[in-house]
Amino acid sequence: MVISMMEINEGNLTTLAGYLQQTLSSDVNVRKPAEKFLQSVEINQNYPILLLHLVDKAEAEMTIRVAAAIAFKNYIKRNWKVHEDSTDKIHPEDRTTVKNLIVALMLRSPEQIQRQMSDAVSIIGREDFPERWPNLLQEMINHFKTGEFHIINGVLQTAHSLFKRYRYEFKSQDLWTEIKYVLDNFAKPLTELFVATMELANKYADNPEALKVIFSSLVLIAKIFYSLNYQDLPEFFEDNLDTWMTHFKTLLTVDNKLLKTDEDEEAGLLEQLKSQICENVALYVQKYGEEFTKHVPDFVRAVWHLLTSTGQQVKYDLLVSNAIHFLSAVADRPQNKELFEDPAILSSICENVIVPNMEFRTSDEELFEDNPEEYIRRDIEGSDVDTRRRAACELVKELARFFEAQITQVFSQYITAMLQTYAKDPSSHWKNKDAAIYLVTSMAAKGQTVKHGITQTSELVNISDFFREYISPDLESPNVNEFPVLKADAIKYVMIFRSQLPREVVLACVPRLIMLLTSSSHVVHTYAAHALERIFTLRDRAGKPSITPADIQGSTEILLKNLFSVIDMSGSEENEYVMKAIMRTFSLLQEAVIPYLPTLLPKLTIKLLQVSKNPSKPHFNHYLFETLSLSIRIVCKSTTRAVSTFEEALFPVFQEILQQDVQEFIPYVFQILSLLLEFHDTSVPETYMSLFPCLLSPVLWERPGNIHPLVRLIQAYIEKGAQQVVATNKLVIWIVYAFQKLIASKSNDHEGFYIMQSLIQYLNQALEQYIKQVFILLFQRLQNSKTTKYIKGLLVFFSLFAYKYGGSVLINTIDGIQPKMFGMVLERLYIPELQKVSGNVERKICAAGIIKILTNTPELLGDYSMYWAALLQALIGLFELPEDDTIPDDEHFIEIDETPGYQTAYSHLVFAGSREHDPFKDTIPDARVTLAQNLHKLSVSQPGKLTPLISSGLAPDAAAHLYKYLQAANIQLA
């Protein structure tokens, strides 16, 4: 059944509901066709309006209404923003209708629908508010007056979603203008609502149902306060600071039993509210300290009471974390130093706040064992930002800024006591040692990066002695499964202090870490793999690798065996840290890994086939493809004939991926195919040629993630088998479709130039019949959308064309489109814009082409002689002046050099990267000398003509540079 014309009628609503019902099916054969059908009809007018009508249909089943709400939100997420180079898939009338309907619909919907609609409003608002949706804010504010908290909370949720982006947006005039508009209209009603809601909280203090709704509002109000105050302190909030802070202090001390829950894991409304208030006041301490000074002591007392009276349950974690962050923010300000100077206060902070929140709780132990991936995510390399431990660690660092000696003295007593307790009975008190290690790490660490671990340590903590006495025994223990948490702590200690521990100590840890890969604990073998990977990237002060293949020569076999054994373990089949360690090990070993590849390559291909069935771990998959790329590069750079071995192993898997259209993997496959093809010496093998027509399929070019890998692969085809490509008779298809599509795109125009440059380099007569059409497309794009990046690409293309075919052919081709147009190209492009060309090879191509135009093109000394000296001056500027990297303020594009391989849904394989190709490597070693030699030849053929042009047309400094070029070439002009 097909929806007819997308009319808003009962029949279409019923049909739409039927398809949505099918999308909920667990049977993939039912679900997938329904999803594809809905995707196919979503471009029709009235589709989003039909969804909204279904959402609003009270008699429909709730599951269908929620499914319609989710479908609508996802439709808005995919289509509301019109991306550059793409068409608008939403009819203008639908856009208007959606904005007219959605707010009222959201506010009268049940909560599970309201949340989806609120997200949709915020997505639309991100694009349209306030310019194209000026009535949104006033419509929301009007609903504050209803007094109905179901509606008010819907408005607040939407406002929170809408304003949350102010927390992370870069400062700009547009952002300031929008925030000012919001503040002028929203700050006063929000404050009035806050005051009124506080009064209601007191009035209904004995009514649990009313309190739940009221405190839901207060949580959202507190979150909106944070967003509106994040960029700068608004004048309105500064004027009303006492009102807000008085109520915030009151709320921090609220202890209404009716708001407490029996839940140990999930934070209740009271915890959420207090947590957000802690975040709000921490923001004020960090950014608006002067205005907030008088409130600091009161909040310190309130937060201190909060921390000393809050339990260890998981539901309090974010609250405790944010409360400690507030104390850290206060401790970070020199003006608050006196609050912490008393040794008794420091001791009390240590005893009541830091040590208790560094303890390894039962909930942590459960997470370690039952959800190791989440434990690792929170713990490894400083990513556990919102945990109690991390917050306590940061507080130690902040206190140590002003009181390092006192803090070290106080904490050392606790560390000594905890380690002594552990020593008496390790089996019962291992958690004491865990806390001691964490506390030592917190005290010792002063500077840290992900790349290098701890980069600066406290002089008062001897990390080497502590390693030898307390860390090394856990690493050396022959039982790899004993005390897994302490094993993980020991590995992490090595990992984060890897740049500070002596090299011999780190190197001695490698065999121990290799053995710990065999631990049955997911966390332990993952940490061991991660530590090895990080150690293998270490460099000495001279920038050379600290660890060499010779250092691990005796352990290579067991290292590889244990790493590959981990990805056979249950739960670690797609362990991204282990796969990255495998990749890094291959990179370290280089040729030393070759003897092991006959065994390892089949394991990698089997793993690739397995994960291609259901790609779910993008980082694991990426490192897997990197490892395959690295294997190919290592082997084939010395033995190119080995490429066939890789093709035999990989092609069956690649064929399966392409046939099953595994979209996540296809860009990777194209990159590895490019790498393999580039290792072929002469022609393109038939297996590749059979794939070539498929590569020109429009559907492949529609996916942004495919474009760069496809372009590189086609370049490889052209380089290795230009005549074979011509023989397919598919070239015209690419010229008409793909090149036109690429060159019209601001994001991908450089890719079109890449392929066209390959065609110019490797094809001769076969390209001639298409040249005029190509040039017309290029000038159309220049006229319609001129960007700096495009001009740079165009200049490189023109220059390569001139070098290959001659300056006269370039001039005749351009003038054949419009008489005397080449003069405009020189005047408006070459002469003023040449300095903006970036990249050594690109600048060399431009130089080679311009030399050809200046010295081998009669027209430049004929009809276009007025530009000769200016073009020579521009060329000398290209040689001698720094690159002009200025771009217009309103121009936005991807800089290819700065973000190599970046594109949405595309992941660049570093180890499959193509080499930079210099087309003049052998013929033009030095372009300056080549210019001098060619000018000399021209002057001999036209004696007495160049010297007057140079003396009258070149600036003195440019003439001086030219004279140096002639001297270097040991020649003079005739």
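The figures that follow rest on heavy atoms only: side chains count, while hydrogens, waters and symmetry mates do not. From a predicted model like this one, the values you see are computed outputs, not experimental measurements.
Counting all heavy atoms, side chain and backbone alike, Gln590 lies closest to Leu630 at NE2-CD1, 4.4 Å. Nearest approach of Asn357 to Ala392, heavy atoms of both residues: CB-CB, 4.3 Å. Residues Phe340 and Ala331 approach most closely at CE1-CA, 3.7 Å, considering heavy atoms. Here the closest non-hydrogen pair linking Phe466 and Leu419 is CE1-CD1, 4.0 Å.
Side-chain N/O atoms of Asn322 and Ser275 include a donor and acceptor closer than 3.5 Å. Defined by atom type and a distance below 3.5 Å, a donor-acceptor pair is present between the side-chain atoms of Thr526 and Asn575. For the 3.5 Å distance criterion, the side chains of Thr518 and His525 fail to qualify, holding no donor opposite an acceptor. Remark: the Tyr422 side chain and the Asp434 side chain contain no N/O donor-acceptor pair separated by less than 3.5 Å. Remark: the Asn481 side chain and the Ser520 side chain contain an N/O donor-acceptor pair separated by less than 3.5 Å. Counting only N and O atoms by type, the side chains of Ser472 and Glu476 include a donor and acceptor under 3.5 Å apart.
Inter-residue side-chain proximity for Tyr577 and Tyr527 is flagged as unmet; no heavy-atom pair is nearer than 4.5 Å.
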Apply side-chain hydrogen bond (donor to acceptor under 3.5 Å, both in side chains) to residues Thr548 and Asp551 and explain how you reach the verdict. CA-CA 5 Å; Thr548 66; Asp551 291 324; 3.2 Å; yes
Run Asp540 and Ser546 through side-chain hydrogen bond (donor to acceptor under 3.5 Å, both in side chains) and show every step you take. CA-CA 5 Å; Asp540 60 22; Ser546 291; 5.5 Å; no
Does Val505 form a side-chain contact (heavy atoms from CB on, under 4.5 Å) with Ser464? I'd like the steps, not just the answer. CA-CA 9 Å; Val505 170; Ser464 294; 5.8 Å; no
Could you walk me through whether Phe497 and Val506 pass side-chain contact (heavy atoms from CB on, under 4.5 Å), step by step? CA-CA 9 Å; Phe497 289 114; Val506 175; over 6 Å; no
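A salt bridge does not link Asp264 with Lys315: every distance from a Lys NZ or Arg NE/NH1/NH2 to an Asp or Glu carboxylate oxygen is 4.0 Å or more. Between Glu394 and Arg389, no side-chain nitrogen of the basic residue sits less than 4.0 Å from a carboxylate oxygen of the acidic one, so the salt-bridge criterion is not met. Ion pairing of Asp465 with Arg468 is present here, as a side-chain N (NZ or NE/NH1/NH2) and a carboxylate O approach within less than 4.0 Å. Classification of Arg361 and Asp364 as a salt-bridged pair holds, one side-chain N sitting under 4.0 Å from a carboxylate O. Between Lys617 and Glu664 there is no salt bridge, since no side-chain nitrogen of the basic residue lies less than 4.0 Å from a carboxylate oxygen of the acidic one. Contact check on Asp474 versus Lys433 returns a salt bridge, with a Lys/Arg side-chain nitrogen under 4.0 Å from an Asp/Glu carboxylate oxygen.
Residue Leu532 holds its CG atom at 5.5 Å from CG of Leu517, rounded to the nearest 0.5 Å.
The aromatic rings of Phe467 and Tyr493 lie parallel to each other, their planes meeting at an angle below 30°, with 60° marking the opposite boundary.
The ring of His522 has its center no closer than 6.0 angstrom to the ring center of Phe368.
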